Participant: 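This is the structure, below, for whatever I ask next.
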Amino acid sequence: MAKLSIRDLDLRGKRLFLRVDFNVPLEKKDGGMVITSDKRIKASLATIEYALEQGAAVIVASHLGRPKGKVNPDMSLRPAAARLAQLLGGKVKVAMAPDCIGGQVAQMLPEPGEVLVLENLRFHPEEENNDPEFSKALAALADLYVNDAFGTAHRAHASTVGMIAYVSKAAAGLLMEKELQYLGKAVTNPERPCVAILGGAKVSDKIEVIVNLIGLVDRLLIGGAMAYTFLKAKGEPVGKSLVEDDKLELAKQLMEKAGGKLLLPIDHVVTESLSGDALEGTTVTVIPADKLAVDIGPATIEAYKQVISGAATVIWNGPMGVFEKPPFDKGTVELARAVADSGATSIVGGGDSEKAIKSAGVASKISHISTGGGASLEFLSGIELPGVAALTEK
Ligand code: AMP
């Protein structure tokens, strides 16, 4: 179902409540907190600029970290507000509120063309509890609501779901819209052949994704540690590789359901341990009892590249090996290059896959890198995200 977009709203002279995901990483420095990556602020910059250009007064709201319902100065959104002001070129008045509701905030409400950044929503336990009174208080600040926080859309909180009951219209921001467009098309009507690449540590984290994708994709390429639970379930030796023994039966069922669609590594890079500086691996087709597999091997890379090169859509979540520790990043980086060169519509989710894409230097060739790890996994699992479901229909 199509949701209202910020582009469908008449913003002129209106006060807009814009829920963003400014959950930026912070580091203590010289007694204050500094932002170590402003990627999330930049991701919503187009939406904020659009709203300002259209003549709205913009109230920006977000959570940051896990303050557990208590005020924690180390998790203030103040540094994010300062960074936003810089990114807006110093031409826009960006004020910082001491709280997200209450009398002081009411006195600071912005004029058209101005921005007010509210303090961390999660300083109030009512945010995560989706409290109706708190929701009403947030809604009372503005005329219209826009959600651009895709990364939090899988949570039914006051600022993502509750307050929508008390606003006249709730629309998706430009970032949210892009996420829904790419992920939505991929899980409902992908160009075929559609290939999914799934990796990472655990089968258990991605069961629903695997189940949903089995019904959707033409090929499912499995790598990372989760491959060894599948291989063990097939009766193959896995040595000391990471395996979830309580998921073997499930892995068997998933393989039966997937039939020939599901591909597993045919060779492996193994090592004795992951500690030490000079890490080295050996390629094997049968994993020795005293070794653990840490990456897909060259024959698997070739086989997976073949499949990827013929794809029209590629969905990727999770690394193919212990990619944080070169040379065990080879499988992940080679597949990142193959995805970039395939010409397919490519959708990458999860922080690790994104890092791999960046370290392979191919980020600009990926159609869409999702900003929401957990949210994109839930989306790929076929679950309707509450923060999306709550938005007004077109
Ligand atoms: P996830 O968060 O589920 O996407 O998992 C990512 C983590 O899986 C990364 O930290 C990788 O180091 C780890 N990982 C990938 N492949 C393996 C492997 N073969 N053995 C152990 N850990 C792995």
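Bear in mind that the values here come from a model prediction, so they are computed numbers and not experimental data. First listed ligand is number 1; within each ligand, the first listed atom is number 1. Numbering starts at 1 and runs along the sequence shown. Side chains included, hydrogens not; waters and symmetry mates left out as well; all remaining heavy atoms used.
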Participant: Kindly confirm or rule out an N or O of G224 lying under 3.5 angstrom from an N or O of ligand 1.
Facilitator: no
Participant: Looking only at non-hydrogen atoms, which of A293, G331, A227 approaches atom 19 (N) of ligand 1 most closely?
Facilitator: A293
Participant: Ignoring hydrogens and angles, state whether a donor on the side chain of E280 or T271 is under 3.5 Å from an acceptor on the partner side chain.
Facilitator: no
Participant: Just which atoms of ligand 1 are under 4.0 Å from any heavy atom in V294?
Facilitator: 19 (N)
Participant: How are the rings of Y182 and H368 set relative to one another: parallel (under 30°), tilted (30 to 60°) or perpendicular (over 60°)?
Facilitator: parallel
Participant: Does at least one non-hydrogen atom of K325 fall below 4.0 angstrom from an atom of ligand 1?
Facilitator: no
Participant: With distance as the sole test, does E127 use its side chain to make a donor-acceptor pair with the main-chain N or O of H124 at under 3.5 Å?
Facilitator: no
Participant: Under 4.0 Å from a heavy atom of P319: which atoms of ligand 1 are those, numbered in the order shown and with their elements?
Facilitator: 4 (O), 6 (C)
Participant: Tell me: protein heavy atom nearest atom 23 (C) of ligand 1, and distance?
Facilitator: V322 CG2, 3.7 Å
Participant: Who's the nearest protein heavy-atom neighbour of atom 4 (O) of ligand 1, and how far?
Facilitator: K206 NZ, 3.2 Å
Participant: Examine distances only and state if a side-chain atom of D148 and a backbone atom of V20 form a donor-acceptor pair shorter than 3.5 Å.
Facilitator: no
Participant: Regarding S159 and R19, is there a side-chain donor-to-acceptor distance under 3.5 Å anywhere?
Facilitator: yes
Participant: Using only heavy-atom distances, determine whether the side chains of T285 and D267 contain a donor-acceptor pair under 3.5 Å.
Facilitator: no
Participant: Taking side-chain contact (heavy atoms from CB on, under 4.5 Å) as the test, write out the residues that go with A137, two or more places apart.
Facilitator: I101
Participant: Would a distance-only check, ignoring hydrogens and angles, find a side-chain to backbone donor-acceptor pair under 3.5 Å from Q104 to P98?
Facilitator: no
Participant: Any donor-acceptor pair under 3.5 Å linking the side chain of D218 with the backbone of C194?
Facilitator: yes
Participant: In the protein, what heavy atom is nearest to atom 17 (C) of ligand 1, and what distance, to one decimal place, separates them?
Facilitator: A225 N, 3.3 Å
Participant: Short list, please: which atoms of ligand 1 are under 4.0 Å from a heavy atom of G200?
Facilitator: 1 (P), 3 (O), 4 (O), 5 (O), 6 (C), 8 (O)
Participant: Of the listed options (D205, T332, D352, V203), which comes nearest to atom 2 (O) of ligand 1 when hydrogens are ignored and any heavy atom counts?
Facilitator: D352
Participant: Should E324 be counted as touching ligand 1, given the test is an N or O pair under 3.5 Å?
Facilitator: yes
Participant: To check your reading of the model: name the closest protein heavy atom to atom 14 (N) of ligand 1, its residue, and the distance in Å.
Facilitator: G321 O, 3.8 Å
Participant: What I want to know is whether A201 and ligand 1 share at least one N or O pair that is separated by under 3.5 angstrom.
Facilitator: yes
